[in-house]
Amino acid sequence: MADGFIQWYREAATAAAFAEQVALFAEFGIRIVHPVRGAAMVLDIEGDDVLMRPEELGSLLGLRIASLTFNWWLTSDTNVIDAYAPEALGRETQTLWLDGLCPDEAQRVEAAVASAATRLPVPTRAVIVDRYGISDPDDWDALALYDGTDIPVLPDRVIAQEPIAERILRAAAPGLTREEEAGGLVRLAPVRPA
């Protein structure tokens, strides 16, 4: 089994949108600045931490010239690795890895992403929540980025724009619940036995 993840697909954001995301995540106790080291921590190609001002990280993300991997902090010892990647057609992904988090911490990360997906001015295409890694983040790219029709194994939850949600429902119904979200998004989850 792979590591759990949350994959967030959206239209391209700006440095200002990243600053808003930082503020929204902070509402859930998730910080971009390490509580002790006092800076954002970007991972270099060898996996070592490189200290950076949050504004500098936001500027790099806004340039959309390369993938970046950085940390969000729940405590000084508990982090979430975030792999950001610019994509074709002016879109981007953020993959937040849930490995090493307890269920309550994973729920906080999920709530922060869901909140940002509905509150940021950048349109969200889809959020895939797969806490146990039953699929792979790349499995969702065709559907969420390019309007493909192949539906991967359904994870814990999908929040998506109506056309994407409809394609999933057609392929998986009646085994899904559907709930309307803010921002014109639809939340889908497998029906859980009572």
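The CD atom of Glu105 lies 10.5 Å from the CG atom of Leu98; values are rounded to the nearest 0.5 Å. Separation of atoms CG (Asp3) and CG (Asp136) is listed at 10.5 Å; rounding is to 0.5 Å. One finds the CD1 atom of Ile151 at 11.5 Å from the CG atom of Asp139 (value rounded to the nearest 0.5 Å). Atoms CZ and CD, from Arg10 and Glu92 in turn, are 4.0 Å apart once rounded to the nearest 0.5 Å. One distance of note links CG of Asp147 with CZ of Arg167; it measures 5.0 Å at 0.5 Å rounding.
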>> Run Thr124 and Ile159 through side chain to side chain contact (heavy atoms under 4.5 Å, CB included) and show every step you take.
In response: CA-CA 9 Å; Thr124 290; Ile159 301 169; 5.7 Å; no

> Hey, mind stepping through Leu43 and Asp48 against side chain to side chain contact (heavy atoms under 4.5 Å, CB included) and telling me if it holds?
Replying inline: CA-CA 5 Å; Leu43 300 175; Asp48 295 325; over 6 Å; no

> Going through the checks in order, is the side chain to side chain contact (heavy atoms under 4.5 Å, CB included) test met by Thr149 and Leu143?
Replying inline: CA-CA 6 Å; Thr149 57; Leu143 177 71; over 6 Å; no

> How far apart are the C-alpha atoms of Arg131 and Val109, what are their side-chain angles, what is the distance that settles it, and do they pass the side chain to side chain contact (heavy atoms under 4.5 Å, CB included) test?
Replying inline: CA-CA 11 Å; Arg131 288 190 182 190; Val109 175; over 6 Å; no

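Grouping the Ile, Leu, Val, Met, Phe, Trp and Tyr side chains by contacts below 4.5 angstrom, directly or via other members, places Leu74 with Ile32. By the rule that hydrophobic residues join a cluster once side-chain heavy atoms approach within less than 4.5 Å of another member, Leu145 and Tyr84 end up as members of separate clusters. Residues Leu169 and Ile128 are members of one and the same hydrophobic cluster, defined by side-chain heavy-atom contacts under 4.5 angstrom among Ile, Leu, Val, Met, Phe, Trp and Tyr. Cluster annotation: Met41 and Ile30 are assigned to distinct hydrophobic clusters (Ile/Leu/Val/Met/Phe/Trp/Tyr, side-chain heavy-atom contacts under 4.5 Å, transitive). There is a path of hydrophobic side-chain contacts, each under 4.5 Å, that joins Ile6 to Val80.
With a 4.5 Å cut-off on side-chain heavy atoms, Leu176 and Val191 do not count as touching. The closest side-chain heavy-atom distance from Gln161 to Leu185 is below 4.5 Å. No side-chain heavy atom of Val50 sits less than 4.5 Å from a side-chain heavy atom of Phe70.
Salt-bridge check for Glu27 with Arg119: passed, with a basic side-chain N closer than 4.0 Å to an acidic carboxylate O. A salt bridge links Glu162 with Arg178: at least one charged nitrogen is closer than 4.0 Å to a carboxylate oxygen.
Residues Ser135 and Phe5 approach most closely at O-CE2, 3.4 Å, considering heavy atoms. Closest approach of Trp140 to Pro155, counting heavy atoms only: CZ2-CD, 3.4 Å. In terms of heavy atoms, Arg37 sits closest to Leu51 at NH2-CD1, 3.8 Å. Closest approach of His34 and Ser76 over heavy atoms only: NE2-O, 3.0 Å. Closest of all the heavy-atom pairs between Leu89 and Tyr146 is CD1-CD2, 3.8 Å. Heavy-atom minimum distance, Arg108 versus Gly29: NH2-O, 2.9 Å.
With Asn71 contributing its side chain and Asn79 its backbone, the two residues share no donor-acceptor pair below 3.5 Å. Side chain of Ser115 to main chain of Ala111: no donor-acceptor pair is present (N/O by atom type, distance under 3.5 Å, no hydrogens or angles). In this structure, Arg31 contributes its side chain and Ala26 its backbone to a donor-acceptor pair below 3.5 Å. Using a distance-only test at 3.5 Å, with no hydrogens or angles considered, no donor-acceptor pair links the side chain of Thr118 to the main chain of Gly183.
Between the side chains of Asp141 and Tyr9, at least one donor N or O lies within less than 3.5 Å of an accepting N or O.
The only member of Val33, Val42, Leu68 that meets side chain to side chain contact (heavy atoms under 4.5 Å, CB included) when paired with Met52 is Val42. With respect to Gln94, the side chain to side chain contact (heavy atoms under 4.5 Å, CB included) criterion is satisfied by exactly one of Asp82, Leu61, Val113, Val127: Asp82.
A parallel orientation is assigned to the rings of Trp8 and Phe25, their planes being inclined by less than 30° (bins at 30° and 60°).
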